[in-house]
Amino acid sequence: MPELPEVETVRAGLEKHVVGRTITDVEVLHPRAVRRHVGDAPDLIGRLRGATILAARRRGKYLWLDVEAPRGVDRFALVVHLGMSGQMLVARVGAPDHTHLRVRATLDDGNELRFVDQRTFGGWHLDDYVDAESADVDTELPGDPASLPRSIAHIAPDPFDSGFDRDEVVRRMRGKHTEVKRALLDQSLISGVGNIYADEALWRARLNGARVTDGISRRKLAELLDAATAVMSDALAVGGTSFDALYVNVNGQSGYFERSLNAYGRAGQPCRRCGTLMRREEFMNRGSFFCPKCQPRPRQ
DNA sequence: CCCCTCTCCTGATCGC
DNA sequence: TGCGATCAGGAGAGGG
């Protein structure tokens, strides 16, 4: 599933392949893909037609293209969320449509930017900017790295964001009474972490996800956040190498990092640290993988 | 306000 | 071979 490392790989690909291009036309093939857009599909199409892509940015699992309308009259964000299965692909005009093609943006260089999404949890929408530090005030510098699309102003900095403050996240976690895995997945506390990297970080920090945040030491929570940062950094290092000239990679899985996973998907296999058989348990309607010896369950 | 459950969606896979 | 059940989970709405 696309979490921070996969989304960053996509962002880097877009920066390389579509920044500087002008959108000549847009086609929405599935209305659900633009359901978060305020306004209808024709509105989104009309505003993107003729617009130039100035930059590709990201926070957590959200990415956006910084876009300028013709003659510089309007500056806004084309916000993309990949959801569970979304892909941003660059293809030659006239290449056969992908099976789950949802939106097509034709560019001025003979390529198309395609949003392909099997499960349609993701989508595109247009948004204006607010200042990142005071999320309710319009920024003087739309598209500036310090500004965010309004709809994602509630998303916390991710560990690779210059505004990320690990000790502040620890403090806020300890101010809550909730299971620590739930907190790791809370995008308003720390963004970019999804189910896979949450399990990996908990395994690295030898912490059970069912432990309650206000009962964990500052030191241990700091170790957990450092582990989350490290595992996503490791994954990015191998995920960022796998796109070719016309393909902005997101494989919807964990890419080349899959072979490096220590927890996710390893139920019944020996823990790579102690050899104990890994377990899978249901949590928040999704799977959680952990070593029962290294990551002992809290007492009830 | 805070916490937590539910729901959206579709293709792959499995058991009968 | 066919078919129904199950599984995958990001994130926001809504309930308690």
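Fair warning: this is a prediction, and the values are worked out from it, not measured in the lab. Here is the naming used below: chain letters follow the sequence lines, and residue numbers restart at 1 for every chain.
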- [ ] Between A:R32 and A:T178, just flag the one whose closest nucleotide in DNA chain B comes earlier from the 5' side.
- [x] A:T178

- [ ] For A:Y62, report the nucleic acid contact type (base, sugar-phosphate, nothing); a contact means any heavy atom under 4.0 Å.
- [x] sugar-phosphate

Task: Integer-rounded Å distance: B:dC3 P and A:F283 CZ - done: 13 Å

Open item on the list: Under the criterion side chain to side chain donor-acceptor pair (under 3.5 Å), I'd like the reasoning laid out for A:S288 against A:K181: C-alpha separation, chi angles, the key distance, then a yes or no.
Closed with: CA-CA 9 Å; A:S288 286; A:K181 181 169 178 181; 2.7 Å; yes

Open item on the list: Does A:R119 contact B:dG11 through a side-chain donor or acceptor facing the base, at a distance under 3.5 Å?
Closed with: no

- [ ] Ignoring backbone atoms, establish whether A:H100 has a side-chain N or O less than 4.0 Å from OP1 or OP2 of B:dG11.
- [x] yes

Task: Value in whole Å for how far the C1' atom of C:dC7 lies from CG of A:N195 - done: 13 Å

Open item on the list: Using a strict threshold of under 4.0 Å (side-chain N to carboxylate O), is an ion pair present between A:E281 and A:R297?
Closed with: yes

- [ ] Provide, to the nearest angstrom, the distance between the CG atom belonging to A:D117 and the C1' atom belonging to C:dG10.
- [x] 11 Å

- [ ] Grab the CZ-P distance between A:R35 and C:dG12 for me, whole Å please.
- [x] 11 Å

Task: Any A:H154 side-chain N or O less than 4.0 Å from OP1/OP2 of C:dG12 - done: yes

Open item on the list: The side chain of A:K61 is closest to which nucleotide in this list: C:dA8, B:dC3, C:dA11?
Closed with: C:dA11

- [ ] Check the distance between B:dC3's P and A:R172's CZ and give it to me in whole angstrom.
- [x] 11 Å

TODO: Establish, with yes or no, whether the OP1 or OP2 oxygen of B:dC2 is under 4.0 angstrom from a side-chain nitrogen or oxygen of A:K176.
DONE: no

TODO: Side chain of A:E3 only, please: which of C:dG12, C:dG10, B:dT10 is the nearest?
DONE: C:dG10

Task: Rounded interatomic separation in angstrom, taking NE2 from A:H177 and C1' from B:dC3 - done: 10 Å

Open item on the list: Using modelled atom types and a 3.5 Å cut-off, is there a donor and acceptor pairing between side-chain atoms of A:R272 and backbone atoms of A:L261?
Closed with: yes

Task: Nearest-neighbour nucleotide for the A:Q118 side chain, B:dG11, C:dA11, B:dC4 considered - done: B:dG11

- [ ] Can you tell me the distance, in whole Å, between the CZ atom of A:R102 and the P atom of B:dT10?
- [x] 7 Å

Task: Verdict with supporting geometry, A:R204 and A:N262, side chain to side chain donor-acceptor pair (under 3.5 Å) - done: CA-CA 8 Å; A:R204 287 193 185 201; A:N262 289 307; over 6 Å; no

Task: A:M84 CE to C:dC7 C1', straight-line distance once rounded to whole Å - done: 10 Å

TODO: Select base, sugar-phosphate, or nothing to describe what A:G122 touches, counting heavy atoms under 4.0 Å on all strands.
DONE: nothing

Open item on the list: Do A:T213 and A:H177 have side chains that approach each other closer than 4.5 Å (heavy atoms only, starting at C-beta)?
Closed with: no

Open item on the list: Taking any heavy-atom pair under 4.0 Å as a contact, classify A:R280: base, sugar-phosphate, or nothing.
Closed with: sugar-phosphate

